[in-house]
Structures are given as C-alpha cells and as structure tokens.
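For reference, the structure discussed in these notes is given below.
Below, chain A is the first sequence line, B the second, and so on; all start at residue 1. Quick caveat: nothing in here was measured; it's all calculated off a predicted structure.
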Amino acid sequence: MVSLSQIAARRGVLGGIVLAGALAVSSLSARAADDTVFIPNVVELSGAGAVSGTNWRDGITLAVEEINAAGGILGKKLNVPHLDTQSDASIARAQVQKVMDDKPYVILGPVFSGSVLVTMALAQQNEIAEIVGGEAAAITQRGNAFVFRTSFGQQFSMPKIANYIRDGLKAKSVAVLWVNNDFGKGGRDNFTKEMQARDIKVVADISTESGQVDFAADVVKLKAANADAVFVYTNEEESARFLKEARKQSLKGALIGETTLLSQKVIELAGEAANGVRGHVGLSSDAPVPALATFAEKFKKRFNYANDHNGIKGYVAVYAIKHVTEKIGKFDSKAFAEALHGMTITPDKTPGILMEATWDKNGDIDRASFLGEVVAGKQKIVEVLPKLNK
Amino acid sequence: MSLARILGLLAVLIAVGLLIAAPTMLRSYGVYLLALWSVTTIAALGLNLTLGYAGQISLAQGAFVGIGAYTVALATAAGIPYFVAFLGAGLITFAIGWCLGYPALRVQHHFLAFVTLAFSTLVFLVLRNEQWLTNGIYGINDIARPKVFGLSTNRNPDFYYFALGMLALFAGLQWWMLRSPWGRAFVAIRENPLRAASLGIDVRRYTLMAFAIGSAYGGFAGALYAPLVQFIEPNSFQLTYSLKLLLIVLVGGAGYFIGPFFGAMIEILLPEWLRFTQGYYLLIYATLVVILMAVCPKGLVGAVALIAERRRKPPGRAPGPGGTLDPGGATPGPTGAASASHSR
C-alpha cells in the first residue's frame with residue numbers, strides 16, 4: 001500500500017524532472033553563424049497589429065532575399081528571424097530582451113507605438129539601433145539616440161493634414177473619430193492641437209475601441225455633429241468597418257484620413273465604401289514614383305497580395321541598413337546609429353531606398369509625401385508634398 | 001523516513017537548486033522569463049486560494065495585478081520607497097478584494113464570474129480613461145527597479161533572485177495558511193457551506209477573507225510585475241490576462257498547492273519553446289492545452305494524483321471521499337473536502 005507521503009514524493013519527483021527539463025530546454029538558443037549578420041525583426045504577427053506587422057515582415061523578407069541573392073552586406077548574408085510580439089507591449093519587451101542575448105547588429109520593428117516605447121529603452125541600454133514602424137510623437141522625443149523611424153511621426157503628419165483641411169477643403173468645422181489606443185490617442189491629441197492653432201472648430205470627438213465591430217452609434221453621432229470634414233484615425237480593419245457604416249448611413253462631410261484610411265488594405269476591405277476618401281499619405285505604391293510601383297509589382301508577385309505602406313517601410317528599413325553599413329565599412333552597432341543621424345540616402349546610390357530620405361538628429365525621417373483620394377477603388381495621388389527641411 | 005519521501009525531498013531540493021543556479025546556466029532572456037514565471041506564479045497562487053480552495057470563481061485576478069502594478073509605479077514615481085509601495089499594493093488589493101467578496105456572498109458560480117468580469121472591465125476603463133492619474137493608454141514607462149538591502153536589482157539575474165525570494169515567501173505563507181484552520185475552513189465552504197456553518201465556521205467572514213487574501217496575492221504580484229517589465233499599460237491587465245491566470249490554475253490543477261507552479265510554467269514557457277514552429281506556435285499551444293484539459297480536467301497535478309490513487313486502490317474500487325490528500329494535507333479532491341475539513 002502506498003502512503004500519502006509516497007504519493008507526495010512521487011509528485012515531487014515528477015516536479016523535479018519537469019522543472020529540470022524546463023530549465024535545460026530554455027537554456028538552448030540558436031546562435032547566429034559567423035558568416036551572417038543577425039538583424040532580428042520583432043513585430044506584431046498576431047493580435048490587433050497583425051495586418052500592419054505581416055506587411056512589414058513581408059517587405060523585410062523581400063529586401064533580405066534580394067540583398068542575400070546579391071551577396072549580402074560586406075560579404076555577410078543577413079539572418080533576419082521574425083519574432084511575434086502578439087501585439088502586446090510586455091511580450092515585445094521580452095522578445096527584444098531575447099534577441100539581445102545574441103548580440104544583434106540592428107533590430108527591426110515593432111510597428112505598434114506602445115511596443116516601440118517599451119523596447120527602445122532596452123535598445124538604448126545595449127547601444128543597438130532599432131528601426132521602427134511606430135508613428136506616435138513620443139518615440140523620438142525622449143532623447144534616445146538609437147531609435148529611427150521609417151514613417152512620419154504624428155508631429156509631422158498632422159500639420160500636413162491640418163493645412164489640407166484648412167486650405168484644400170476650406171472646412172470650418174471638423175469631427176474626429178479615433179481608436180483609443182496609443183496610436184489613435186496620440187494622433188487625436190496632435191490633430192486637435194493643430195485644429196485649434198488654425199481656428200477650426202472640433203465639433204465632435206469620438207473615441208472608439210480597438211477591434212470594434214459596430215460603428216452605427218458613432219456614425220449617428222457624427223451625423224448629428226454635421227461637420228464639414230470627418231477625420232478618421234483608426235487601424236486598418238476598424239477603418240474599413242467604419243467606412244462601410246458611414247456609407248450605409250449616408251454620412252455627409254468629407255472623410256479625411258492619414259495614410260491608414262487610404263491604405264491598400266482598407267480599400268480592399270471596405271470596397272466601394274472607400275471611394276471619395278481623401279487625405280495625406282506618407283508612403284504609397286500608387287504615388288507617381290516609378291520605384292514604388294516596381295516595388296509593388298515585386299511584392300505582389302512574391303506574396304500574392306498588394307502591399308500597404310508598412311510593406312514599403314519594412315523594405316526601406318533593410319536597404320537603409322545596407323547603405324549605412326557599406327558607408328561605415330564595418331558591423332558596428334554604435335557607429336551605425338551615429339552615422340544614420342543626419343544622413344540622406346538617395347535612390348541613385350541605393351535604389352532600394354525607393355525615395356530620397358533623411359534622418360534627423362532625433363531619428364525622425366523626412367521625405368516627400370502625398371495627398372491622395374480613393375477613386376473607383378484605387379488610391380489616386382493628387383499632389384506631391386515636398387520634404388519639410390529641403 | 002521512507003525511500004519515497006527521501007526521493008521526493010531530493011527532487012524538491014534539486015528543483016530549488018536548479019532555480020537558484022538558473023542564472024548561471026541561462027542567458028538574460030531565460031532569466032527574465034523565469035522572473036516572469038515567479039511573478040505570475042504568485043498571482044496564480046492567490047487565484048488558486050480563491051478558486052481552488054474556497055471555490056469562488058474570479059475573473060478579476062488580472063485586474064488586481066494591474067492595481068498592484070499601478071500602485072507601485074505611481075507611488076515610486078512620487079518618491080515613496082519601493083517596499084512601502086509594495087505593502088501598499090497588498091493592502092489596497094486586500095481591501096478591494098474584501099469589498100468584491102460581498103457579491104460572492106449573494107451569488108455563486110457563473111453569476112459570480114460575471115460580477116468579477118464586470119469589475120475587471122471597470123478597472124481597465126479606469127486605468128485607461130483617468131489619464132490625469134494613470135497616464136491613460138500611453139502607460140507608464142521607465143519604472144525603477146528596487147534596491148533590496150542596498151543592492152540594486154537592475155540586472156535581470158538580481159531581479160530574478162528578488163522575485164524568486166518573494167515567491168518562496170508567499171508560497172511559504174500559503175503553505176502555512178492552508179495547514180491552519182483557515183485553509184480547512186476555505187475548503188469546507190467550497191464543498192458544503194451549510195455543513196461548514198453547522199460546524200461553527202463563519203461562512204461570511206471566511207468567504208470575504210478568501211477573496212481578500214487571493215486578491216492581495218494578485219496585488220503583490222503586480223507590485224513585482226511593474227519593476228520587472230518596467231512598463232505598464234492598461235491593455236496588459238485586460239480580461240485576457242485574468243483568463244490566462246485562470247487557465248494557469250486550471251491547467252496546473254485547481255486546489256493543489258503546487259498546481260500554479262506548473263500551470264505558470266506551461267503558460268509562460270511552452271509558447272516560447274514552440275516558437276521554432278514560426279506562425280503555428282499559438283495554434284499548437286492552444287491545441288495542446290485543449291488536449292490537456294480534455295485528458296485531465298483536474299489539471300496536471302490532479303492527473304498525477306489520480307494515477308497514484310488508482311495504483312493505491314485495488315482494481316474495481318472507486319476512490320473514496322477524502323482520498324486524494326496532497327502533501328499539504330489541506331487539498332482534498334473536490335469530493336472529499338468536507339470530510340477532510342473536520343478530519344483533524
């Protein structure tokens with residue numbers, strides 16, 4: 001007969017074995033081989049950010065395949081594993097912590113601003129540059145010398161939108177509908193500030209949830225506000241759902257967005273309801289820039305879907321790494337960060353950069369951007385806005 | 001001392017030794033994960049007390065971790081010493097847990113789950129919308145790690161030892177509590193409140209106590225979570241986090257003292273080991289959990305106890321009431337608790 005203490009002991013034995021196994025397995029981790037350079041991509045591949053993150057990843061994959069096929073950078077092939085943050089900031093931090101153990105040269109991602117804010121401190125501590133897709137204004141305002149953007153921060157894009165609403169649309173009142181996460185809230189705060197500075201009245205200020213499905217009540221509120229223009233600042237899927245509901249209820253007033261609302265993904269999802277949407281676009285495959293169109297073709301051929309701005313951002317990030325590394329002639333993370341500050345990369349020297357881009361001392365990017373409109377299910381660029389500091 | 005007992009003690013000693021030696025074997029990320037495991041286990045120990053021992057379903061444990069984390073983050077930013085804030089986090093969550101326990105006196109089972117679910121949502125909304133206090137959706141960044149006895153815990157191994165020490169402290173406390181009349185009273189209430197009352201147990205007081213202590217464990221875990229991750233935001237403490245903690249308790253084995261240790265290990269480490277499967281890792285992880293729960297609904301430890309029980313009993317006889325006492329002596333299988341509650 002087995003006594004209680006024996007049962008307890010067996011449990012203890014099992015516990016010890018499981019624990020020992022657990023510890024042994026977690027100590028195993030692959031190290032990059034010497035003839036490759038380790039550039040991990042930590043990004044949103046599941047959860048709310050999956051649409052952006054997948055595009056970003058595929059843009060990177062395309063660039064890495066091209067560069068590796070051409071012999072790599074300084075003779076070394078790129079080793080770019082993709083690590084999922086599950087769109088959760090604490091997991092993003094853990095993943096960046098993980099890749100730090102293998103001494104990365106540069107880190108790519110994340111795309112979600114909250115995840116960028118939590119990981120960039122780690123990158124700074126380890127003096128490793130992080131090339132991110134986040135747009136929250138705060139990212140480049142913390143004096144972190146190791147964070148670099150691939151798209152405009154909200155503090156650059158919102159004045160452009162605001163000027164367009166004042167001069168292009170000549171609107172006297174606006175309503176703003178935003179998603180209540182760090183991306184949406186940051187955009188909303190910057191946007192309303194710019195509106196106040198231009199004496200345009202914000203007549204409705206509507207917060208929505210990430211992953212929200214039903215926008216009927218929000219559209220009713222917008223109809224009641226009767227604004228000249230409605231500024232919509234939500235993530236891709238929510239933008240599409242909102243546009244469908246707005247069309248269903250025949251919402252009046254111009255629908256204005258910033259990059260996301262006019263993105264390929266939203267147009268695909270919203271279909272006919274996206275027609276007539278206008279706004280500022282940081283990056284677009286439909287821009288009158290041949291390199292962007294060529295990129296879009298390559299992307300479509302490789303992944304069998306149309307890219308959005310995140311795909312371009314990921315692609316450009318890898319080519320920026322190539323350009324800077326060849327310029328400094330070595331794989332030195334600190335020297336990389338120093339060199340990229342104040343650097344202008346032009347497509348004639350590095351075609352993969354697609355459009356001339358300059359990084360300032362804060363890591364903010366500056367390049368030409370566009371005003372666009374969705375016409376017959378296609379994004380049409382109506383005006384090219386020059387670089388800010390040119 | 002029997003051979004089995006010596007082997008058992010040896011296994012526990014090896015496990016503890018491995019945990020202590022882990023930072024010398026693992027790299028920074030592995031140590032970080034083990035620290036996260038320690039913190040999560042403390043939160044799960046609390047939920048195990050509320051759910052596994054006292055039988056009160058709570059979907060608010062994640063919210064309590066959030067309250068603890070925000071308390072420490074805000075208090076230390078205001079210049080209050082870490083350990084004062086740490087105690088404050090425990091006290092605040094104890095008080096809130098006590099108040100949340102009142103509905104538990106009136107509603108049971110899934111109705112109670114709804115009440116705690118509503119509370120969880122309420123906490124998320126307060127954390128997100130009261131920007132003046134919590135910095136809203138942007139969260140709180142750069143949370144300082146504490147100094148323990150004058151030693152900095154900025155390095156991951158140092159913080160891991162601190163978290164492991166706290167886990168040992170809270171696990172020891174619960175071990176003691178479960179062997180005390182309190183633990184027996186909790187189990188008695190879970191199994192048969194009327195009978196418990198007839199034996200002189202103040203059902204009202206012990207129900208509130210179970211909620212409050214379980215919640216305080218969540219608060220203490222949060223007080224460790226904030227300096228570990230050094231960034232907190234409302235989204236981290238949404239309902240999904242409470243559900244994760246619930247899963248940890250159920251997978252480990254609700255009502256078994258060592259259940260949460262294994263549950264947290266599966267929840268935190270298994271997805272990491274499966275990452276080599278690239279895009280499929282969450283899918284495989286979820287499938288494994290479904291299979292595990294289908295095969296052993298009492299969780300991992302419950303399954304082991306059941307196997308041991310079957311081997312003990314001659315074939316053809318069902319396990320009798322109170323027959324699955326665990327090493328703590330206070331964790332009978334759900335069928336035999338009432339008899340165990342007054343067995344001493």
Can you tell me which portion of B:Phe261 sits under 4.5 Å from chain A's heavy atoms? Options are side chain, backbone, both or neither. neither
At a 4.5 Å cut-off on heavy atoms, which part of [X] comes close to chain B: side chain, backbone, both, or neither?
X	value
A:Arg57	neither
A:Leu117	both
A:Ala94	both

Are the side chains of [X] and [Y] in touch, meaning some heavy atoms are under 4.5 Å apart?
X	Y	value
B:Glu233	A:Val118	no
B:Tyr29	A:Gln95	yes
B:Ser28	A:Met100	no
A:Lys185	B:Gln131	yes

Top residue by heavy-atom pair count (under 4.5 Å) with chain B, among A:Ser46, A:Gly186, A:Gly114? A:Gly186
For the student: nearest non-hydrogen atoms of [X] and [Y], plus distance:
X	Y	result
A:Ala89	B:Phe231	CB-CE2, 3.5 Å
B:Ser236	A:Asp88	OG-OD1, 4.5 Å
B:Ile137	A:Asp182	CG1-N, 3.5 Å
A:Arg93	B:Leu228	NE-O, 4.4 Å
B:Arg27	A:Asp101	NH1-O, 3.1 Å

Pick from B:Val31, B:Leu10, B:Asn156, B:Leu36 with the largest number of heavy-atom pairs that fall under 4.5 Å of chain A: B:Asn156
Flag for B:Tyr138-A:Asp189: side-chain donor and acceptor within less than 3.5 Å: yes
Stepwise, does the side chain to side chain contact (heavy atoms under 4.5 Å, CB included) test hold for B:Asp142 with A:Arg142? CA-CA 11 Å; B:Asp142 304 326; A:Arg142 298 192 173 193; 4.3 Å; yes
To the nearest 0.5 Å, tell me how far A:Gln97 CD sits from B:Leu33 CG. 9.0 Å
From A:Ser210 atom OG to B:Asn235 atom CG, the distance as rounded to the nearest 0.5 Å: 7.5 Å
